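I have placed the structure first, in the form of structure tokens, so that the comments after it can refer back to it.
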Amino acid sequence: MQATDSNGRANSEGDHEFLPGYKSVDDFIKTGYKAVLEMTKLSNSLPSDEHFHYYSSYPAFEEAMVKQGNQTLRSISSVIQSAGMKGNIVRRDMEEKFELLLDSNDTILEQVALNLDEVAGIRKNPGAEEKDVIKVNRPLSGSWNQSFSSPSSVTQEIVKSNTSSPSALRATLPKVTVKPQHSFPDKIDNRPGAFEPKIKEKPHALKPLSSLLMLSDYGECFSHPYEYELDLFDPPEHQLIPVEPKAPRTDQTPLKYVDSPQELKHMQQHLRNYKEIAIDLEHHNYRSFQGFTCLMQISSRHSDFIVDTLKLRGELHCLNEIFADPKIVKVLHGADSDVVWLQKDLGLYLVNMFDTHQAGKLMNFPRLNLAYLLKYYCDVDVDKRYQLADWRIRPLPEEMIQYARMDTHFLLYVYDRLKNDLWESGANSDRLIKAAIHQSTQLCKKIYVKPQLTQEAHLMLYQKSRKMFNNRQLWALEKIFAWRFHTAMEEDESLPYVLPNHMLLQIAENLPREMQGILACCNPIPVLVRQNLTKIHRIILEAREQPLVQTAATEDLSMRSNQTEWTKINIESTLHCPHQLLKEEQRDNLPTLLGAKKMEEVKVKGILKTSATIAVFSAFGQNTKLASSKKKVMSPYQRYLLVKPYLQHLSNLAALKEAADKEIKVDKSSTTNQLELHGLAQVQQHFEELDSRTAAQNRTPVRQAPSESEEEDGKSASVKRPHAEFESLDGKEEEEEEIEGPLNKRFKEDKIQPFRPGRNNLSVAQTQSKFQRNKKTNQQKKKNFDRGQKGNWSNEAPAATQNQPGPSQAFNYNQVNFNKFQGGSRNVDKRKNFNDKGNRGRGGGNKKKRFNFPQRQNQKSHTYKT
Ligand code: AMP
Ligand code: MN
Ligand code: ZN
């Protein structure tokens, strides 16, 4: 066989053939494919079942069939033999024939896959995979106080090995085949309910250990065992003054791998001698419902420790002696998650913690991730490739140990430097140091809460997707969402492992009639989806039977298209647009779209709202002429001017009729007078009606306050006119053609007092302040959401912080629900990193984009997908 290029084409002049009769591989494939198609067609046209028996009663047919059958069997047999399979297909009975055929197919396809890999160069170097596993170094246990490797080489290794991508890296790491949870000493309890603290002894107690069941925003939970101590915590004086920064003795720091109780004891003894230690954790949350801590890194001024928290899970509570000691500072970076992971998995609590992330915030650093601080203070470029690695792997590969070590190795030095900088920034006082410590102490009060399924959870996912669902699709989304949650709980898997968000949305959107269609929505097909295919299928069939509710969905769409309009004019939040009549009710009603009874209410409200909204907003985007001209909003007064002649006409008619009815003769001037009065009364009534509607909707028909971003980036030029306030003050409103901006309108309305009985306008200032309040709440929500634990979905009901009750808390955890896998709390950097590279971040994407609905912009009605 001659050499072929990657496309399989003969790369010489073409007079050589790939196989006799075939010029190239392509040629061969085409001919073969054609033959297979033809044969399939012919065999399909053969008579089957009773027809076949009928035909078989004709000897000629029977003879032809036997002859053809034998020939087919012989061809199959030769193919099987050439594939190296044993067994003679000709002599077997029917069932065995099929078995052999299936086996042979599998073998051949497997061989094809291997060959393709080889061609693609993946297996050029057979044994490469094995080599990686062998390369995995032995942990360093037993080498107590022995320098593992010089830390300068630590730095070099980590810094230099920055070559391959995280995914390439994952591919070279060994796979974990047995879930470590199976050998945990404590039973994993995924059932809903309060998480029970694991702590049994309470070192450094100022108050005896007690756990009280309390009611929090997230349901019942047990009180924080160290709450009292944390409340009373006052940092020792020596912590509040500048220090001489102590750089780690890089070339002399020993590294110790701790995975036995004895080594743990040694470590504990060592740590007791220090006034400050650095701590970090690595966590796994993909193949587990609540996630678990895989590794704990601890650094003292003289040693680095890597603690195997899988192996020592049941033993580590003894470290409370150090962790809860108010005289020992525990330095962590971005401790939000660590605080709850420590209590969830190890029963450990921190008293006297210093979070370098919080300190960085107080220093107003442009970036707050650890990599930035390390670069800034130590000029070390760390490589965060392993951040999302599978930390369950045992034995832990050398590179991962070295990576983990870097997370705490420099942290105490960073702490020294940060404290000095805080001192300086605080005008040479301990003001900022105290603030950092205070904020860190607040974080220590977080309480772990188990994941919960809330009624709105699926709607948050829906809202974030750019999809438009009808009630059937929403119904399916809710049910499959719940199925996923319960399956994850029972199987002890994460939600994305059971079914990633984007596949879930895809299934709910398509509502495939066939099971095959469900599988087609998933690539690759999650194991638990395949196993539960009939369950999912049943949900979909039931969803398809839901009566389609048109009004509600249209309503929903109109609301979304308004969102688009507002997005276009750069309003930060649609939820807080004072002009949007539909806003609150619609959001609140979304869940009830599924209930037929509440549906009615939506409809009723819809009649009023739809028209008002569209009347105002359609002018923005739908009519390009209008949109491009300055005519955008029409004030009630202008509307009045437009209808005035008509109203007058009506009143005239009515008055004439009245006069005629009563046959009263009046002189012309008094009639006019009366008619005018009558007209005015009608206009007044018109405005009263308008006002009562607006009052009913609780809307603030005044100025639409600019969003923060509007003010910042000035992108809102299309609606915001620089001196709108003054334009209407020139006293020519009657003849004014141009339609004014909201502010303008208000001024004008002020001048036509007589027509505005019972107005419920808020003043500009009031509106502004209301808007600011809303914005604040919104920002708080965003903050809470950002605070969500670093992609740790298992904490999606975020750990309740006892003294962080806020107006938005009740809503917060829903938001956290869906974002955990899109990256996390601490910094944009990591989140981006995760979205870009982590394959669990699929469906994350650019958040800003998600709030645009370009394809729906001018849409008022919608045809349903069924
Ligand atoms: P770190 O403190 O950076 O070492 O991170 C500790 C743990 O947090 C890691 O082991 C991950 O489980 C998790 N984690 C960190 N960053 C992310 C991220 N961007 N997305 C999801 N999980 C993360
Ligand atoms: Mn960390
Ligand atoms: Zn870490």
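Counting convention: from 1, in listed order, for ligands and their atoms alike. This one's a predicted model, so the numbers in the text were calculated from it and none came from an experiment.
The number of protein N, O or S atoms lying under 2.8 Å from the Zn ion (ligand 3) is 3.
Under the 3.5 Å distance criterion, with hydrogens and angles disregarded, no donor-acceptor pair is assigned to the side chains of Thr487 and Glu490. Side-chain atoms of Gln387 and Glu282 form no donor-acceptor pair, as typed in the model, at a separation below 3.5 Å. Checked by atom type, the side-chain pair Asn190/Asp492 shows a donor-acceptor distance below 3.5 Å. In this structure, a donor-acceptor pair under 3.5 Å is absent between the side chains of His270 and Lys265.
A salt bridge is absent between Asp304 and Lys256; no separation between the charged side-chain nitrogens and carboxylate oxygens falls under 4.0 Å. Using a 4.0 Å cut-off between charged side-chain N and carboxylate O, Asp416 and Arg301 make a salt bridge. No salt bridge links Lys198 with Asp345; every basic N to acidic carboxylate O contact stays at or beyond 4.0 Å. With respect to the salt-bridge test (charged N to carboxylate O, under 4.0 angstrom), the residues Asp338 and Lys446 do not qualify. Salt-bridge formation is not detected for the pair Arg417/Asp421: no Lys NZ or Arg NE/NH1/NH2 atom is positioned less than 4.0 Å from an Asp or Glu carboxylate oxygen. With respect to the salt-bridge test (charged N to carboxylate O, under 4.0 angstrom), the residues Glu321 and Arg272 qualify.
Under 4.0 angstrom from ligand 1, there are no non-hydrogen atoms of Tyr386. Within the 4.0 Å heavy-atom criterion, neither part of Leu370 lies near ligand 1. Proximity of Leu388 to ligand 1, defined as any heavy-atom pair under 4.0 Å, is confined to the side chain (atoms from C-beta onward). Here His333 has no heavy atoms under 4.0 Å from ligand 1, in either its backbone or its side chain.
Under the 4.0 angstrom criterion for non-hydrogen atoms, Tyr403 is not in contact with ligand 1.
Those atoms of ligand 1 with a heavy atom of Glu282 less than 4.0 angstrom away are 4 (O), 5 (O), 6 (C), 7 (C), 9 (C), 10 (O). Those atoms of ligand 1 with a heavy atom of Leu281 less than 4.0 angstrom away are 4 (O), 6 (C). Listed by number with element, the atoms of ligand 1 under 4.0 angstrom from any heavy atom of Trp391 are 10 (O). Below 4.0 Å from some heavy atom of Asp407 lie the following atoms of ligand 1, by number and element: 4 (O). Listed by number with element, the atoms of ligand 1 under 4.0 Å from a non-hydrogen atom of Lys384 are 3 (O).
No donor-acceptor distance shorter than 3.5 angstrom exists from the side chain of His333 to the backbone of Thr408, with no hydrogens or angles considered.
Residue His283 has at least one N or O atom closer than 3.5 Å to an N or O atom of ligand 1. Considering backbone and side-chain N/O atoms, His284 never comes within less than 3.5 Å of an N/O atom of ligand 1. Considering both main-chain and side-chain atoms, Asp280 comes within under 3.5 Å of ligand 1 through a nitrogen or oxygen pair.
Remark: Arg313 is positioned above the aromatic ring of Phe184, its terminal NZ or CZ atom under 6.0 angstrom from the ring centre and at most 45 degrees off the axis.
For the Mn ion (ligand 2), the N/O/S atoms of Asp280 include one lying under 2.8 Å.
Screening residues 284-297 for salt bridge (Lys or Arg N to Asp or Glu O under 4.0 Å) gives Arg287-Glu493 as the qualifying pairs, with residues at least two apart or on separate chains.
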